Trainee: 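Take a look at the following structure, please.
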Amino acid sequence: METQVSNGPTSNSGLPNGPPLSANGAADDSKTNLIVNYLPQNMTQEEFKSLFGSIGEIESCKLVRDKITGQSLGYGFVNYVDPNDADKAINTLNGLKLQMKTIKVSYARPSSASIRDANLYVSGLPKSMSQKEMEQLFSQYGRIITSRILVDQVTGVSRGVGFIRFDKRIEAEEAIKGLNGQKPLGASEPITVKFANNPSQKTGQALLSHLYQTTARRYTGPLHHQTQRFRLDNLLNMAYGVKRFSPITIDSMTSLAGVNLTGASSGGWCIFVYNLSPEADESVLWQLFGPFGAVTNVKVIRDFATNKCKGFGFVTMTNYEEAAMAIASLNGYRLGDRILQVSFKTSKQHKA
DNA sequence: TGGGATT
């Protein structure tokens with residue numbers, strides 16, 4: 001997504017021209033220190049250093065990692081010895097495409113506690129709201145460093161989700177107080193405003209959570225009956241319930257993986273789980289579905305006001321066969337005093 | 001009986 005190199009009213013540094021910024025007597029690295037955003041998840045410290053070291057001598061550099069999981073947070077800092085090299089790095093490496101990412105290279109703002117955790121996640125935005133309009137809404141609370149609205153990769157339509165990074169954390173806090181749960185002028189639904197997760201943090205957490213559940217289960221005993229083995233044709237009928245695709249033959253089963261791109265929208269098979277209790281949380285979904293295979297995401301849908309589960313949730317599984325087995329096994333499964341209904345998620349508009 | 005979306 002090339003748009004990420006050119007969003008926001010100012011550069012990510014807040015220092016568009018890299019002006020002098022001494023003041024406190026400490027080493028002034030405002031002309032040499034760069035922040036690099038949108039690095040590929042799998043890039044190592046060594047690769048990072050190698051890439052930026054090709055420009056000139058580096059005083060120091062750091063790929064920022066999650067303290068607990070150790071995984072890259074997708075950004076880092078490079079401090080050059082020579083300000084000219086920093087300038088050159090911006091000119092030559094900003095916008096560079098690495099794998100699926102377009103990296104952003106800009107001057108780093110001076111390190112300070114007050115600018116940390118100033119990044120907000122906004123959802124429920126009207127699809128018609130532009131980035132500029134979103135900024136106008138938030139700018140009353142402080143100086144915006146960057147902003148973005150996520151769009152559907154295919155249609156380009158807003159997903160109603162955005163990010164706002166303020167200069168100061170207190171500004172972000174005030175924006176949450178002032179805007180969370182509020183309806184923008186003319187909007188029909190309130191927006192949600194909260195502190196954003198770190199980039200790419202979610203997948204790591206999902207992995208960890210799954211790992212935790214998988215490990216913990218060994219010591220707490222099985223949570224459900226053994227998975228039953230179904231004949232393949234029987235399984236497919238049960239998994240799909242009412243047929244919504246052209247009939248699937250057993251012969252075509254092996255080729256389903258190649259068809260995933262259409263059947264499973266971007267990154268897995270989405271499963272609808274109905275009749276969860278109001279107390280249900282994400283962990284119960286991990287526990288139920290984890291044993292069947294790779295689960296990448298679980299979501300319990302909660303009421304905005306009460307924070308209680310609205311009775312359903314969603315699970316995303318990577319592999320079709322594992323998803324189908326989970327559905328065949330868990331549909332009709334009794335959880336407490338409730339009988340679960342589990343099926344592949346279908347699009348409502350396509351309902352007969 | 002059908003949401004939210006984490007750059």
Side-chain angles (χ1 to χ4, degrees), chain A residues 1-8 12 35-41 64 66 71-75 98-104 106 117-127 131 134 144-155 157-165 172 189-206 241-242 244 265-268 270-278 280 282 285 296-304 307-316 327 331-332 338-352:
Chain A
M1 279 165 278
E2 293 83 315
T3 50
Q4 62 199 11
V5 296
S6 61
N7 59 25
N12 191 38
I35 182 165
V36 185
N37 285 294
Y38 312 118
L39 291 166
Q41 179 63 45
V64 179
D66 184 282
Q71 78 165 178
S72 167
L73 293 183
Y75 70 98
L98 293 175
Q99 294 162 40
M100 299 297 280
K101 304 279 194 172
T102 304
I103 71 170
K104 176 181 176 181
S106 54
D117 307 318
N119 196 24
L120 296 181
Y121 169 87
V122 187
S123 61
L125 292 165
K127 299 279 192 284
Q131 183 183 346
M134 180 177 73
I144 296 169
I145 300 299
T146 56
S147 74
R148 163 174 295 179
I149 287 180
L150 300 186
V151 299
D152 184 285
Q153 284 191 332
V154 178
T155 66
V157 172
S158 166
R159 293 161 73 192
V161 175
F163 294 88
I164 296 274
R165 180 180 292 281
E189 298 301 322
I191 61 173
T192 297
V193 184
K194 56 192 191 183
F195 284 109
N197 294 334
N198 289 322
S200 312
Q201 186 174 288
K202 200 190 64 142
T203 47
Q205 284 185 343
V242 179
R244 55 184 282 269
S265 60
S266 73
C270 190
I271 298 167
F272 174 57
V273 186
Y274 180 72
N275 213 15
L276 296 168
S277 87
E282 271 72 12
L285 292 179
T296 56
N297 188 255
V298 301
K299 185 81 190 174
V300 166
I301 305 306
R302 295 183 169 84
D303 182 87
F304 187 83
N307 214 33
K308 296 279 189 191
C309 175
K310 287 162 81 169
F312 61 96
F314 296 90
V315 173
T316 306
I327 290 168
N331 185 39
R338 292 161 175 269
I339 304 296
L340 296 184
Q341 294 177 39
V342 184
S343 64
F344 281 113
K345 180 188 189 307
T346 60
S347 54
K348 283 185 75 180
Q349 57 217 19
H350 231 253
K351 208 163 54 176

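This is a predicted model, so every value here is computed, not measured. Per chain, numbering begins at 1; letters A, B, ... match sequence-line order.
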Trainee: State which of dG3(B), dT7(B), dA5(B) makes the closest approach to the side chain of Val161(A).
Mentor: dA5(B)
Trainee: Just so I know, are the side chains of Asn197(A) and Asn119(A) near enough to count as touching, which here means a heavy-atom distance under 4.5 Å?
Mentor: no
Trainee: Can you tell me which nucleotide in dG3(B), dG2(B), dA5(B) comes closest to the side chain of Tyr121(A)?
Mentor: dA5(B)
Trainee: dT7(B) C1' sits how many Å from Ile145(A) CD1, rounded?
Mentor: 16 Å
Trainee: Tell me whether the side-chain N/O atoms of Tyr75(A) come closer than 4.0 Å to OP1 or OP2 in dT7(B).
Mentor: no
Trainee: I want to verify a distance call: between dG3(B), dT7(B), dA5(B), whose nearest atom is closest to the Asn119(A) side chain?
Mentor: dT7(B)
Trainee: Among dG2(B), dT6(B), dT7(B), which nucleotide has an atom closest to any side-chain atom of Asn197(A)?
Mentor: dT6(B)
Trainee: Could you check whether any side-chain heavy atom of Thr146(A) comes within less than 4.5 Å of a side-chain heavy atom of Lys104(A), counting everything from C-beta outward?
Mentor: yes
Trainee: Ile103(A) CD1 to dT7(B) C1': how many Å, rounded?
Mentor: 15 Å
Trainee: With respect to the phosphate group of dA5(B), does any side-chain polar atom (N or O) of Ser123(A) fall under 4.0 Å of OP1 or OP2?
Mentor: yes
Trainee: Side chain of Ala196(A), heavy atoms from C-beta onward: which of dT6(B), dG4(B), dT1(B) has the nearest atom to it?
Mentor: dT6(B)
Trainee: Is the shortest side-chain N/O distance from Arg159(A) to OP1 or OP2 of dT6(B) below 4.0 Å?
Mentor: yes
Trainee: Salt bridge (charged side-chain N to carboxylate O under 4.0 Å, His left out) between Lys127(A) and Glu189(A): does it pass, once the steps are laid out?
Mentor: CA-CA 11 Å; Lys127(A) 299 279 192 284; Glu189(A) 298 301 322; over 6 Å; no
Trainee: Evaluate the ring-ring contact (aromatic ring centres under 6.0 Å, His included) criterion for residues Tyr38(A) and Tyr75(A): first the C-alpha distance (whole Å), next the side-chain angles of each, then the deciding distance (0.1 Å), finally the verdict.
Mentor: CA-CA 6 Å; Tyr38(A) 312 118; Tyr75(A) 70 98; 9.7 Å; no
Trainee: Which listed nucleotide (dA5(B), dG2(B), dT1(B)) is nearest to the side chain of Lys127(A)?
Mentor: dA5(B)
Trainee: Checking contacts here: which listed nucleotide (dG2(B), dT1(B), dT6(B)) is nearest the side-chain heavy atoms of Leu150(A)?
Mentor: dT6(B)
